Amino acid sequence: MTTPLRLYDSMRRDKVPFEPLEPGKVGMYVCGPTPYAPAHIGHAFSAISFDTIRRSLAFLGYDVRYVRNVTDVEDKIIRRANEVGEDSVALAARFADDYNRDMARFAVLPPDVEPKVSTHIPQIVELIVKLVENGSAYPVDGDVYFAVDKFPAYGRLSGMTIDELRSGASDRELVEKQKKNPVDFALWKAAKPGEPFWPSPWGNGRPGWHIECSAMPVAHLGVTFDIHGGGKDLIFPHHENEIAQSQGAYGPTTFARYWMHNGFLNFAGEKMSKSLGNVFNCDEIANAVGGEALRFFCVEHHYRSPVEFDVESVRDASNEVVGVRFRSLEAADRRLEDFYKTLAKIDAFVVQGGDAGEGTVLAEAERLIPEAREALTDDFNAPVVMSKLHEAKTLANRLLDIGKGTDKQVRRRTLARLGKDMRIVGGALGILANDPARYLADRRDRLVRRCAIDVARVTQLIADRVTARGSKDFTRADEIRGELTALGVELHDTPQGTDWSVQDVG
RNA sequence: GGUGCCAUCGCCAAGUGGUAAGGCAGUGGUCUGCAAAACCACCAUCCCCAGUUCAAAUCUGGGUGGCACCUCCA
């Protein structure tokens, strides 16, 4: 049982009904990393976008086969490998492992298949042979180029004509003389000294960029498959070329049936660039605010929207940049904390009350899952799902606060239901899967570190205050609270005792 | 220069023809020894101009202001 859905298809430039090749099943290919350096936030943003789509499809009842490639044969990798004297495929494998480890911190699920270029050379060569044989491609001195003129539909995805592209290309004098047409692109590159190579009918060489993403989906999903995804920046030339290569070989109705592209992450103020020294690695972000905060931030936005990302440089007295603050992620983490606080309270309440048995729950609590389903069927509208989660959280807190007027068992069942359903819906977005106590403890540890809180001193002051309050010495108690406030610590008196948190006001 | 996208409350952000989701912040209140948390209440007519329509944030034209791609940058 799957729920019908509509999604925005970049090719048709409109939301269209999604009809998978096989009912109930989705074959999905997403362009993965070209690993030659640690993954940065942009990589994470893309991976999270499509992981959310994948999870949402599963939530809607689809059986998803998710293929995300690793492009491990590529110019930048080879250059980097030569710089450090390492085998390029090995270097890529190392960074690909790092990438997957980083993505796991953002709750990105491992793909079902993670094909690499280096292990798909025969399939790539086979595809190029087919293109040469049918006249779509031509070899020149050990290189092989795709003849764009032979593919009239070229430019359809990016909305450009071959002529427009040709003028753009010659303007910048990127004409490589052996090409018949400046917009033609390489399928196979003859081996150069210091580069990895594989044998081929055209001599030793290696695949060009693009061809792997035509060969590998076919190998793992078939000649025609449902969804192809990637960042907006990949529309041209990467995806345009993939279409030309694949349909040039297999025919006009083959390859991806739906094209999905996620919006880009933009940096307010300074752009992310290596020269400015402000590339933000996944590792750095996950350590600073926790991986789930970034995930939460991502799903608060629609996957197709461009997102502004605030990064604030921290400067010392001499105006030297000594660090960065991810304000928007810190704020997202605060919102996320509210969910875990509520979940913690629900869990405690449910455990304490025992099994409330089967029976009715408040109607309001039954809405969350259907509403989430409805939102996700409309082009994966995660922000609307988030609004429903907020409403569920408020309902739960209301029930926790005032139980009066509600049947005791119904109240308990409703809260249990909310705790369960919030996690199910959160699962569709890749959030709320952690143990609340664990999350809350981790978060406090992060803040303690960021604000350099002396925990031993805090504990001592709180103990002193407990004593003061015990003897109704409220003046002294408030005095101590004043001291703690000055340290950046906030107190929470509860029937179970006094807890504390770090004042997180930016 | 070419192509495409966007402009919604102080901030973030949904909403593609039927009369503005949600969050943060703010204000008032409940609770509390006082607080904090939580809860309750309040809090926008959608960049500008012109048009289409019974009806537009949503469609068309123009303007202004942002952004992206055309450079193997996710």
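To find a chain, count down the sequence lines: A is the first, B the second, and so on, and within it residues start at 1. Since the model is a prediction, treat every value here as computed from it, not as a measurement.
Between A:Arg80 atom CZ and B:rC72 atom C1' the separation is 18 Å, expressed in whole Å. Atom pair A:Asp75:CG and B:rC72:P shows a separation of 10 Å (rounding to whole Å applied). Here B:rC69 presents its P atom at 11 Å from CD1 of A:Ile235, a figure rounded to the nearest Å. Rounding to whole angstrom units, CG of residue A:Asn262 and C1' of B:rC67 are separated by 16 Å. As a whole-Å value, the separation of A:Leu234 CG from B:rC70 P is 10 Å. Atom C1' of nucleotide B:rA74 and atom OH of A:Tyr29 are separated by 14 Å, given to the nearest angstrom. A:Met386 has its CE atom 8 Å from the C1' atom of B:rG23, to the nearest Å. Protein atom CG of A:Leu429 is 18 Å distant from nucleotide atom P of B:rG22, rounded to whole Å.
The residues A:Asp338 and A:Lys341 are annotated as salt-bridged, a charged nitrogen and a carboxylate oxygen being separated by less than 4.0 angstrom.
A:Asp184 is linked by a salt bridge (Lys or Arg N to Asp or Glu O under 4.0 Å) to nothing, counting only residues two or more places apart in sequence or in another chain. With sequence neighbours left out, the ring-ring contact (aromatic ring centres under 6.0 Å, His included) criterion links A:Tyr258 to A:Phe18. Remark: A:Cys298 engages A:Phe45, A:Ile48, A:Leu294 in a side chain to side chain contact (heavy atoms under 4.5 Å, CB included) (not counting sequence neighbours). Under the ring-ring contact (aromatic ring centres under 6.0 Å, His included) criterion, A:Tyr99 pairs with no residue, sequence neighbours left out. For A:Asp233, the salt bridge (Lys or Arg N to Asp or Glu O under 4.0 Å) criterion is met by no residue, not counting sequence neighbours. A:Asp98 meets the side chain to side chain contact (heavy atoms under 4.5 Å, CB included) test with A:Phe95, A:Arg101; sequence neighbours excluded. Applying the ring-ring contact (aromatic ring centres under 6.0 Å, His included) rule to A:Phe326 yields the partners A:Phe280; only residues at least two apart in sequence or on another chain are considered.
Taking the six-membered ring where the residue is Trp, the centroids of A:Trp259 and A:His239 are separated by under 6.0 Å.
Separation of atoms CG (A:Leu491) and CG (A:Asp499) is listed at 9.0 Å; rounding is to 0.5 Å.
Distance noted for atom C1' between B:rC9 and B:rA44: 4 Å (whole Å). Taking atom P in both B:rA55 and B:rG51, the straight-line distance is 13 Å, to the nearest Å. Here, B:rG61 and B:rU52 have their P atoms 15 Å apart, quoted to the whole Å. For the C1' atoms, the distance linking B:rG28 with B:rA14 amounts to 28 Å, nearest Å. For B:rG22 and B:rU60, the C1' atoms lie 32 Å apart once the distance is rounded to whole Å. B:rA37 and B:rA25 are spaced 9 Å apart, taking the P atom of each and rounding to whole Å. Nucleotides B:rC69 and B:rC59 are separated by 27 Å at their C1' atoms, to the nearest Å. Separation of the C1' atoms belonging to B:rC47 and B:rA56 is 16 Å when rounded to the nearest angstrom.
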Exercise. How does protein contact run along nucleotides 2-16 of chain B, one letter per nucleotide 5' to 3', with B for base contact, S for sugar-phosphate only, - for none, heavy atoms under 4.0 Å?
Worked result: SS--------SSSSS
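Look at B:rC59: its Watson-Crick or wobble partner, with both distances under 3.5 angstrom, is B:rG51. Under the Watson-Crick and G-U wobble criteria, each requiring two contacts below 3.5 Å, nucleotide B:rU32 is left unpaired. In this structure, B:rA7 and B:rU64 make a Watson-Crick or G-U wobble pair, each of the two defining distances being under 3.5 angstrom. B:rG17 is unpaired under the Watson-Crick or G-U wobble criterion, no partner having all donor-acceptor distances under 3.5 Å.
The side chain of A:His43 contributes an N or O atom lying less than 4.0 Å from OP1 or OP2 of B:rA74.
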Please tabulate, for side-chain N and O atoms in residues 381-391 of chain A, each donor-acceptor pair with protein atoms closer than 3.5 Å (sequence neighbours left out).
from     : atom 1 : to       : atom 2 : distance (Å)
A:Asn381 : OD1    : A:Val384 : N      : 3.3
A:Ser387 : OG     : A:Val384 : O      : 2.7
A:His390 : ND1    : A:Met386 : O      : 3.2

For this session: Kindly indicate, with the supporting measurements, whether the criterion side chain to side chain donor-acceptor pair (under 3.5 Å) is fulfilled by A:Thr498 and A:His492.
Result: CA-CA 6 Å; A:Thr498 299; A:His492 315 286; over 6 Å; no
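Contact annotation for A:Lys472: no contact, since no heavy-atom pair falls under 4.0 Å across all strands.
In summary, of the residues considered (A:Asp379, A:Asp9, A:Asp378), a side chain to side chain donor-acceptor pair (under 3.5 Å) with A:Lys15 occurs for A:Asp378 alone.
Contacts between residues 364-371 of chain A and RNA chain B, defined by a heavy-atom separation below 4.0 Å, involve no residue at all. Residues from residues 389-399 of chain A with heavy atoms under 4.0 angstrom of RNA chain B, sorted by number: A:His390, A:Glu391, A:Thr394, A:Asn397, A:Arg398.
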Under 3.5 Å, which N/O atoms of the protein pair with N/O atoms of nucleotides 29-33 of chain B?
from   : atom 1 : to       : atom 2 : distance (Å)
B:rG33 : N7     : A:Arg469 : NH2    : 3.3
B:rG33 : O6     : A:Arg465 : NH2    : 3.3
B:rG33 : O6     : A:Arg469 : NE     : 3.1
B:rG33 : N1     : A:Asp478 : OD1    : 3.0
B:rG33 : N2     : A:Asp478 : OD1    : 3.2
B:rG33 : N2     : A:Asp478 : OD2    : 2.5

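At a cut-off of 3.5 Å, with distance as the only test, a side-chain donor of A:Ser158 or A:Glu240 sits close to an acceptor on the other residue. Side-chain contact of A:Arg79 with A:Ser88: a donor-acceptor pair under 3.5 Å is absent, judged by distance alone.
Stacking of the aromatic ring of A:Phe264 onto the base of B:rA68 is not found under the criterion of centres within 5.5 Å and planes under 30°.
Cation-pi check for A:Lys232 over A:Phe264 is not met; the charged atom does not lie both under 6.0 angstrom from the ring centroid and within 45 degrees of its normal.
In this structure, the nucleotide among B:rA74, B:rC72, B:rA38 sitting nearest to the side chain of A:Asp338 is B:rA38.
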